[in-house]
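Everything on this sheet refers to the single structure shown next.
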Amino acid sequence: MVVLASAAAVALGLAVVLFKPWAGWAGIATEDSGSRQPYKHLLTLYDADGRIIDPRDPNARPYSPRMTCGQCHAYDTIACGWHFNAADPEVPAGRPGEPWLLTDALTRTQLPLSDRDWPGTFAPREVGMTPWQFMLAFGRHLPGGGLGEKFTGDGDDPDPAARWQFSGQLEADCMACHSADGRHNPADWARQIELENLKWAPTVALGLGRVRGSARDLEEEDPLAALDPAYEGPEDLPVEYDLNRFDPQRRVFFNIQRRPSSHRCYACHTTRQVGPEAPPRWHQDEDVHLAAGMTCTDCHRNDIGHMITRGYETESRDSGDPSRATLSCAGCHLGDDSVNDAALALGGRLGAPHPEHRGIPPIHFEKLSCTACHSGPWPQQSTQPVQTSMAHALGIASTTRTWQTPPYIVAPVFATGADGKIAPHRMTWPAFWGWLGADETVRPIHPQRVAEVAADLLPPVPEGKSARAAAAEAEQPAADAALEESVIESVLQRLGERLSNDEAGGGEPIYVREGMLHRLSGDALEAVAHEAAAPYLWPMGHDVRPAVQSLGARGCDDCHASDAPFYFGMVTAASGPHARPKPVEQMYELQGADPVLARAWAVAFAGRPAFKALLLLCTGVVLLVLLRYGLAGLGVALGAVADGKGRGGDGPGGL
Amino acid sequence: MFNTVSVILLAAIALAAAVHLLWFGPKRVPDGVDEASMGTVARLSLLERVMHGVLALSFLMLAVTALGAEWFAGELGGWMLLVHVGAGSVFAAVLALAALRWAGENVFAAHDRHWLSNGLGGYLRREDRQVTAGRFDAGQKLFFWTALTLGAATMLTILLSVQPWFGYRGQAMLIEVHRYAGLLLVAAVVVHLYIMLVAKAGAWRSMFRPRVAAAWARYHHESWWRRFNDKGDS
């Protein structure tokens with residue numbers, strides 16, 4: 001009896017612990033208050049070990065989003081979302097997106113990196129970049145999670161240089177996106193990454209407290225130190241919390257919005273036009289959707305899994321999620337019959353206008369994406385340089401960033417995308433040193449490794465220009481810093497001589513730039529085409545222009561003219577950082593279009609008014625003839641019916 | 001859908017033509033007529049023959065580019081579309097001229113009822129039997145008005161589609177009407193071709209020569225030949 005009672009008690013205890021029956025009514029362990037009113041987040045802070053933080057503790061530790069936000073929200077589910085899962089090979093890559101660009105001025109390297117399987121990018125590991133290095137290089141514009149919390153520093157990372165045991169994990173920082181006010185500072189976040197203060201970054205970025213020092217300076221403790229009576233525990237960086245942020249119950253108000261504002265998205269997704277021909281910032285309009293009062297997340301939606309809807313047309317097919325079909329441009333504005341929900345199938349979500357596209361031949365909708373006519377800066381005769389948050393660390397104050405700061409990205413490039421439709425893209429030309437294997441595959445060499453063996457051969461590039469100097473430079477481009485062919489030859493020879501066969505993997509050294517692969521042929525430099533040298537392009541969805549500023553609004557010759565940028569605009573390339581951009585291709589080459597055909601269409605469209613007039617005249621004549629004889633025949637037929645007989649003769653009205 | 005319909009339609013016409021050829025055979029001037037002694041008569045003027053030739057060539061290009069692109073490329077675009085548009089301009093212009101030139105002569109007459117009710121001018125009878133007809137028999141007239149109507153439909157749909165009047169659904173509908181009208185026109189032309197090249201023996205000569213054999217003219221177009229002959233112009 002006693003045994004049975006004990007077993008029942010244990011079972012009841014387990015059930016209480018495992019199923020948390022209080023969660024539902026107590027309002028905790030739920031993810032949603034259920035109300036449209038924003039939930040007031042007065043939160044107790046927890047550190048990474050799940051201990052409540054006392055802000056007065058002189059050894060206070062940083063707060064942990066996983067343990068704090070995770071009290072109510074499914075952190076592990078959220079951390080599988082699009083912003084965190086790049087390194088997960090199980091996640092479909094989807095349409096190519098913006099890569100990380102590994103840039104190095106000395107070695108003239110700009111190399112697109114991504115753990116996603118986007119053709120034209122290299123995985124960081126292929127360049128010898130470890131997760132630790134990747135996090136330090138690009139964590140400034142990562143929201144944490146993913147690789148940032150893959151290792152604990154307990155010997156689980158094979159990278160001997162990794163210092164996770166000091167830096168802590170870079171957890172997904174919910175407030176990076178969901179902060180409703182300006183308290184979360186991306187620049188502070190970036191600074192903490194630079195200091196290797198990964199686990200402190202969410203605390204400092206939110207302004208909850210400050211931390212003095214850098215985890216870079218922390219050292220392994222002496223194993224015998226614990227025997228010392230004066231031992232105070234392992235060295236750490238305590239957080240000095242801002243006590244004004246805590247209420248009497250030691251709770252902090254987190255000003256959270258469920259749907260992040262566009263300003264939060266802009267922290268990592270800003271793009272700006274730069275260069276001498278870029279319009280001044282105050283002349284540039286924002287996306288028409290935002291101007292209308294929408295936010296990014298009105299279209300780029302997600303559920304608790306945080307797989308953000310990217311919004312491209314074939315996404316519902318790629319992701320196997322049909323509910324995304326009406327969150328693309330066409331799906332939202334025109335509807336999608338494949339959607340089960342009758343209202344959504346009609347389109348017009350959030351009042352999206354239903355465009356008629358009057359007079360536009362349907363072939364345009366088969367050949368072009370919506371963005372081809374509606375998105376990005378108005379195309380000019382030559383592509384223009386742009387800078388992005390991810391590539392140029394926009395959002396982080398810099399006195400050295402100029403319009404020529406690498407990497408060199410241009411837009412808009414009208415190229416055929418993976419879905420077979422022409423769309424505006426942003427584009428960069430890879431420039432890097434690497435190995436060409438016997439199977440013709442290319443493996444890049446990390447620029448740091450190149451510098452180690454050939455820095456003396458590479459002419460330095462002036463960096464660190466002041467903003468004023470850059471402004472002057474806008475009128476007068478800097479000297480071309482592209483490498484001379486003789487330098488490339490020397491570096492290739494040096495790489496071949498100095499780097500071991502293990503490192504080379506039996507391959508020969510090469511240098512890629514401007515769409516060509518350079519290799520040594522005897523003592524001479526030979527440039528050959530290779531797919532690894534092809535430009536990397538990613539489609540651009542924004543900024544969407546107003547309908548009256550669409551391509552074609554002025555007529556067909558916005559595109560169908562012999563000088564129309566859509567076909568005949570020049571695509572410029574810079575052969576690496578600070579190299580002077582030069583035209584290398586025309587748009588039609590990236591569309592796989594026949595230039596003769598494009599010109600023939602351009603000429604044909606010059607005669608379009610005449611064609612319309614001719615067609616009107618001819619159709620009118622034929623219709624009049626049909627009317628004239630049709631009416632006569634009808635009259636005769638009616639007469640015959642009335643007479644009860646037909647009329648004879650070889651003239652009109654015989655029947 | 002369009003590809004299936006077009007293949008079935010044209011295959012059905014080819015099958016029907018083969019059956020007709022095997023069962024009825026071509027209609028030709030009966031043996032025993034001394035064609036040589038009857039001489040020749042003027043059939044189509046140079047202008048008419050050029051007009052007909054240009055119309056035929058431009059239509060051939062239209063049909064080949066449209067059906068070729070639909071069948072083999074899945075869509076009409078690129079060079080095919082450019083050629084299609086160019087040929088379409090020529091076709092439209094010449095069709096209008098043809099309408100003006102031939103409409104009066106293609107008005108149905110009393111003997112056309114006779115032609116139609118006698119096995120379509122004897123083409124659907126195995127025995128050789130002359131059925132009177134004017135300069136153009138009722139079959140040619142039917143073809144003329146069919147071609148003119150379908151030609152007008154194809155032209156009108158394109159004319160409307162290049163105006164900013166219809167949205168994308170309307171545009172798509174216009175293009176569908178254009179495609180199916182064009183397909184029906186192709187079908188009509190194939191039937192016309194079969195009759196002119198095979199079923200009506202010797203008819204093709206009048207497309208290239210100014211004069212035709214008087215015996216042929218009397219047999220196939222007796223009413224016209226008689227009137228022509230009465231004028232003494234032979």
Side-chain angles (χ1 to χ4, degrees), chain A residues 330 334 354-367 555-556 592-594 596-601 603-605 607-630 632-633 636-637 640 645-655, chain B residues 75-79 81-82 85-86 88-100 102-113 116 133-135 138 145 148-149 151-152 154-176 223-224 227:
Chain A
L334 302 174
H354 196 290
E356 282 292 321
H357 290 117
R358 292 177 188 273
I360 300 177
I363 193 168
H364 288 77
F365 309 112
E366 296 163 18
K367 297 283 187 186
C556 306
D594 179 348
V596 181
L597 175 64
R599 288 188 197 286
W601 270 115
V603 171
F605 268 84
R608 186 175 163 88
F611 169 77
K612 288 162 90 168
L614 174 73
L615 200 56
L616 177 64
L617 178 69
C618 297
T619 308
V621 167
V622 173
L623 287 176
L624 283 174
V625 167
L626 285 170
L627 189 65
R628 150 82 176 81
Y629 289 96
V636 171
K645 61 177 183 179
R647 293 181 215 164
D650 198 6
L655 284 180
Chain B
E75 61 184 12
L76 181 56
W79 281 110
L81 180 57
L82 192 59
V85 171
S89 307
V90 175
F91 177 79
V94 182
L95 188 68
L97 290 176
L100 293 172
W102 283 321
E105 292 182 285
N106 279 282
V107 172
F108 287 98
H111 53 69
D112 289 323
R113 176 181 293 186
L116 290 169
R135 189 185 185 211
W145 293 112
L148 213 57
T149 304
T154 56
M155 286 159 36
L156 187 62
T157 47
I158 291 302
L159 181 66
L160 293 175
S161 76
V162 295
Q163 305 300 329
W165 297 336
F166 292 90
Y168 67 97
R169 289 187 202 278
Q171 292 263 343
M173 191 191 69
L174 286 171
I175 296 299
E176 281 300 284
S223 176
W224 167 72
R227 211 172 45 186

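Convention: sequence-line order gives letters A, B, ...; per-chain numbering from 1.
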Residue part contacting chain A, namely of [X], when any heavy atom lies under 4.5 Å:
X: B/L81; result: both
X: B/L160; result: neither
X: B/I175; result: side chain
X: B/T154; result: neither
X: B/E105; result: neither
X: B/V94; result: neither

Handout entry: Pairwise side-chain contact, A/V596 with A/W601, heavy-atom cut-off 4.5 Å (strictly under)
Key = no
Handout entry: Validation row: A/F365, A/H357 side chains within 4.5 angstrom (heavy atoms)
Key = yes
Is it the backbone or the side chain of [X] that comes under 4.5 Å from a heavy atom of chain B, or both, or neither?
X: A/L616; value: both
X: A/A604; value: side chain
X: A/L615; value: both
X: A/L334; value: both
X: A/L614; value: side chain

Problem - Contact list for residues 158-174 of chain B, test side-chain hydrogen bond (donor to acceptor under 3.5 Å, both in side chains), sequence neighbours left out - result: none
Considering all heavy atoms of both residues, which atom of [X] and which atom of [Y] are nearest to each other, and what is their separation?
X: A/L623; Y: B/A152; value: CD2-CB, 4.0 Å
X: B/G77; Y: A/I363; value: CA-CD1, 4.1 Å
X: A/R608; Y: A/C556; value: NE-SG, 3.4 Å
X: B/A103; Y: A/Y629; value: CB-CE1, 3.4 Å

Handout entry: Pick from B/G151, B/A99, B/G170, B/G88 with the largest number of heavy-atom pairs that fall under 4.5 Å of chain A
Key =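 Option with the greatest count: B/A99.
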Exercise for the section: Give the member of B/P164, B/A138, B/A172 that has the highest number of heavy-atom pairs under 4.5 Å with chain A. Expected result: B/P164
Handout entry: Residue selection (most heavy-atom pairs with chain B, distance under 4.5 Å) from A/K367, A/E366, A/H364
Key = A/K367
Exercise for the section: Scan side-chain atoms only and decide if B/N106 and B/W145 contain a donor-acceptor pair under the 3.5 Å cut-off. Expected result: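 Absent: no donor and acceptor within the cut-off.
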Practice task
Drop me the distance from B/R113's CZ to B/F108's CZ, to the nearest 0.5 angstrom.
Solution key: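 That separation rounds to 12.0 Å.
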